[in-house]
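Report on one structure; see the data block that follows.
Numbers restart at 1 for each chain; the letters A, B, ... are given by sequence-line order, proteins then strands. Just so you know, these numbers use all the heavy atoms, side chains as well, and skip hydrogens, waters and symmetry mates.
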Number of protein chains: 2
Amino acid sequence: MVASGYFPTPRRRVLLKDVAQAASVSGSTASRALADDPRISLATRLSVKAAAAELNYVPNAAARSLRMKHTRTLGLLIPDLRDPVHGQVASGFEEEARRSGYCVIMVSGENEPVRERLGLKIFAEHGADGVAIVSSAISPREARERVDPDRLILVQPDHTSLPRREGSLPPGVILTDDASGLRAAVNHLVDSGYCRIAYVEGGGGASNKVRSDAVTTTLRDRGVKTPVRTFAASGDTWRDAGELAAEIAADLPEALVCYDDKLALALMDELRKLKVRVPEDVGIVGFDGIPFAALANPRLTTVATPAGEMGRLAAASLIRTIQFGARLDAVMLPPELIVRESTRTLPAPAGRRGGTAG
Amino acid sequence: MVASGYFPTPRRRVLLKDVAQAASVSGSTASRALADDPRISLATRLSVKAAAAELNYVPNAAARSLRMKHTRTLGLLIPDLRDPVHGQVASGFEEEARRSGYCVIMVSGENEPVRERLGLKIFAEHGADGVAIVSSAISPREARERVDPDRLILVQPDHTSLPRREGSLPPGVILTDDASGLRAAVNHLVDSGYCRIAYVEGGGGASNKVRSDAVTTTLRDRGVKTPVRTFAASGDTWRDAGELAAEIAADLPEALVCYDDKLALALMDELRKLKVRVPEDVGIVGFDGIPFAALANPRLTTVATPAGEMGRLAAASLIRTIQFGARLDAVMLPPELIVRESTRTLPAPAGRRGGTAG
DNA sequence: TTGTATGCGTTATCAG
DNA sequence: CTGATAACGCATACAA
């Protein structure tokens, strides 16, 4: 041994056995003490805990997991953390998870099946006790093949194979009642005197179809004869908002029901370039209720969904299942129409029953 | 044994030894084969891999970590996933991490020291190979006490104890050059003829001070005599945008430099309620360059920062350090002024040199 | 009430 | 080139 130098803190990680030694007990006693095992006397329990605190003991999750067969970890597969809606879902999920002592490993799937499958594999390797998939590109069927369905929850799955009626929802699915939301929106529109209403699509997912259909049928139910026009999503190509706005402006409907707020906002922006005024020239309603919809000019009328709540619910549901073996249930959350400035009450042209104008 | 029923798939998890058995080799050979150890013959390597694929083998990360002393996991501590800026940082971080085969465990600190410390502890328990803290509430000093500084990166740390000059930045820090961004913004403003410029604060963090100071000194450097007014952040209380807008509207400056885009957007909304027009009555510039700033009406002039890039950089830096023992470096990213509609060229009142009006 | 011994699934060391 | 064996850090069945 050379006397010359000793190392400041080679800082070997402190193990349970170190704590045990410091408290002059065996490893098992230390383990039990830290776990508040009632069999351990209060005295030793305290002294062990003191030692642990003193030494700054941090249990090794890997070792524990290996032994315990669970990780207290949840996997969250989400398309895009930059999206306001997904951000809210993620936020709610993480918060609820951690409230129960779970930590979450998050992977963004970018809406690409390949990445999503990779994410699922990661969850498997890390032994996630449960996983939530938000709005995925892969089918619910495939998802359930790849991860234990009892430990899987699908949040707003955007897949056509999924029935959308409340009663027939398979367990482990959380979604919003888009149809009812759109119905409210369309009702608001026709109550306000709008007739020539168009729907602006937003991708080829199932939600798009549900929303589109809801618009159509509600309009029919309300006796509106004017056919519903539908913009965009022509073929597979994605068109940018500018093009879309131009097409819309060329033959303006009275109101536009948009697939979501992002689209609505982008459209409003492009429409403004084209000198069409909202709501004077055209009414617009969005979907989602993202925070900036409330700050837009004009403020956007929208169908708000409880995104954060869905995330929280997903985590809570998963954890309940894990801990108590409860069955995963299916829940369909009600969205809420928020009427703001992007729609108005139209002056009644003929003599129809309009809304009660203020 | 009763013959009555057999269980469909009690599905015991398939282990390495199962793969080994299926390929008729020992566990060690199987392990090596899957790791592409060159010592294993191509033939057996292939057969092992085939068996693994066939059985759908998924390695157990916990066991591996326990043995390997690393987890291929990164921890990301972030204030709020709902915030557009943080969402972008998180997105970039996750993407880059996963590109290198790392997975990320994310915890939101809510800007509360208690939660942040808890998050750090979680990372420690799970043996994160590296951790990034975004804009935290705890001091860099404390952070470095709680996690190995060689494995820690601070993204846009909002703490006064940190020097902000490029040369003197401690390693492991990634931030934007807010001062230069604000300088550009203010220069743009005075070039456009603005004189009576006010700064609107956004919390008591260090960034706020940096930005505020940059406004003040730039104005002084440009020879603007009119004193800079500062709104809000009175004491500790947080005031809502409405109040703030009222106070501002009561004695309108020519332009408002806002702490960030969120604030700017909220202010624009409230100002509109108060019938003050942007940019006719007052110019506004934000900071961050969140996507919706581009869609606002009027579109927001702002100092855009590369949020996603910071996240990516943080992850890349961490991983480089982990894998190659490289030193963490300090980097200060340049923001970029984006001039849009919320500021305009003022008609020159007297005979000063104005910008080159178009 | 506490200690001893064992195993969780992998990788790595050391023989063959 | 391949196989037995130990060890990673912890929790628990069993013994005392």
Side-chain angles (χ1 to χ4, degrees), chain A residues 11-49 51-52 55-73 101 121-129, chain B residues 11-49 51-52 55-73 101 121-129:
Chain A
R11 272 212 296 227
R12 187 179 61 83
R13 185 160 172 166
V14 16
L15 308 179
L16 184 58
K17 84 162 85 148
D18 300 317
V19 176
Q21 189 163 20
S24 322
V25 295
S26 76
S28 34
T29 300
S31 173
R32 290 193 267 249
L34 292 177
D36 282 314
D37 188 313
R39 300 179 300 185
I40 302 300
S41 76
L42 186 60
T44 55
R45 206 184 317 175
L46 255 35
S47 96
V48 168
K49 286 193 174 180
L55 297 182
N56 223 292
Y57 169 64
V58 172
N60 180 321
R64 175 178 295 176
S65 301
L66 190 54
R67 185 62 228 255
M68 303 270 261
K69 311 290 212 179
H70 68 252
T71 56
R72 281 190 95 79
T73 286
K121 185 173 178 193
I122 291 175
F123 297 153
E125 293 185 355
H126 287 261
D129 294 338
Chain B
R11 269 212 297 228
R12 187 181 60 84
R13 185 161 170 164
V14 16
L15 308 179
L16 183 59
K17 82 162 86 150
D18 300 318
V19 177
Q21 188 162 21
S24 321
V25 295
S26 75
S28 16
T29 300
S31 173
R32 288 192 271 248
L34 293 178
D36 280 315
D37 187 314
R39 300 179 300 185
I40 300 300
S41 76
L42 185 61
T44 55
R45 207 183 318 175
L46 255 34
S47 95
V48 169
K49 287 192 175 181
L55 297 182
N56 223 289
Y57 169 64
V58 172
N60 180 321
R64 175 179 302 187
S65 301
L66 189 56
R67 188 59 228 246
M68 303 268 262
K69 312 288 214 181
H70 69 250
T71 55
R72 280 191 96 80
T73 286
K121 185 174 177 190
I122 291 175
F123 297 153
E125 294 184 355
H126 287 261
D129 294 338

If you measure from NZ on Lys49(A) to CG on Asp36(A), what distance do you get to the nearest 0.5 Å?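 Between atom NZ of Lys49(A) and atom CG of Asp36(A) there are 3.5 Å.
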How long is the gap from CZ on Arg64(B) to NE2 on His70(B), to the nearest 0.5 Å?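 Interatomic distance, Arg64(B) CZ to His70(B) NE2, rounded to 0.5 Å: 7.5 Å.
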Closest-nucleotide mapping onto DNA chain C: is Arg32(B) or Val58(B) further toward the 5' terminus? I mean the 5' end.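 Result: Val58(B).
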Is there a donor and acceptor pair closer than 3.5 Å between the side chain of Arg64(A) and the base of dA11(D)?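 No.
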Hey, does the side-chain of Thr44(A) have a donor or acceptor N/O within less than 3.5 Å of a partner on the base of dT1(C)?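 In this structure, the two groups form no donor-acceptor pair.
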Please classify the nucleic acid contact of Ser41(B) as base, sugar-phosphate, or nothing, using heavy-atom distances under 4.0 Å.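 Ser41(B): backbone/sugar contact only, no base atoms under 4.0 Å.
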Report which part of the nucleic acid Leu16(A) touches: base, sugar-phosphate, or nothing (heavy-atom distance under 4.0 Å, all strands).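 Result for Leu16(A) = sugar-phosphate.
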Counting side-chain heavy atoms from C-beta on, which of [options] comes nearest to [X]?
X	options	result
Ser26(A)	dG3(D), dT4(C), dG9(C)	dT4(C)
Arg67(A)	dA7(D), dT12(D), dG3(D)	dT12(D)
Ser28(A)	dG9(C), dG3(C), dA11(D)	dG3(C)

Just do the side chain to side chain contact (heavy atoms under 4.5 Å, CB included) check on Arg13(A) and Val58(A) with the steps written out, would you? CA-CA 8 Å; Arg13(A) 185 160 172 166; Val58(A) 172; 3.5 Å; yes
Between [X] ([atom1]) and [N] ([atom2]), how many Å, whole number?
X	N	atom1	atom2	result
His70(B)	dT11(C)	NE2	C1'	10 Å
Leu55(B)	dG9(C)	CG	P	15 Å
Glu125(B)	dA11(D)	CD	P	11 Å
Arg39(A)	dA11(D)	CZ	P	13 Å
Asp37(A)	dG3(C)	CG	C1'	14 Å
Arg72(A)	dA11(D)	CZ	P	13 Å
Leu46(A)	dT2(C)	CG	C1'	17 Å
Leu34(B)	dT10(C)	CG	C1'	11 Å

Is it true that a side-chain atom of Arg32(A) and a backbone atom of Asp37(A) form a donor plus acceptor pair closer than 3.5 Å?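 Pair absent, no side-chain N/O of Arg32(A) close to backbone of Asp37(A).
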I'd like to check Ile40(A) versus Val25(A) (side-chain heavy atoms, cut-off strictly below 4.5 Å). Are they in contact?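 No, every pair of side-chain atoms sits at 4.5 Å or beyond.
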With nearest nucleotide decided by heavy atoms, which residue, Leu42(B) or Gly27(A), maps closer to the 5′ end of DNA chain D?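 By nearest-heavy-atom nucleotide position, the 5'-most residue is Leu42(B).
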Given that Ala62(A) and Thr29(B) both sit by DNA chain D, which one's nearest nucleotide is further toward the 5' end?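 Mapping each residue to its closest nucleotide by heavy atoms, the 5'-most match is Thr29(B).
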Respond yes when some side-chain nitrogen or oxygen of Lys69(B) is under 4.0 Å from OP1 or OP2 of dA7(D), and no when none is.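 Answer no for this pair, as no side-chain N or O of Lys69(B) is under 4.0 Å from OP1 or OP2.
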Think Tyr57(A) has a side-chain N or O under 4.0 angstrom from the OP1 or OP2 of dG9(D)?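 The answer is no; no side-chain N or O of Tyr57(A) sits under 4.0 Å from OP1 or OP2.
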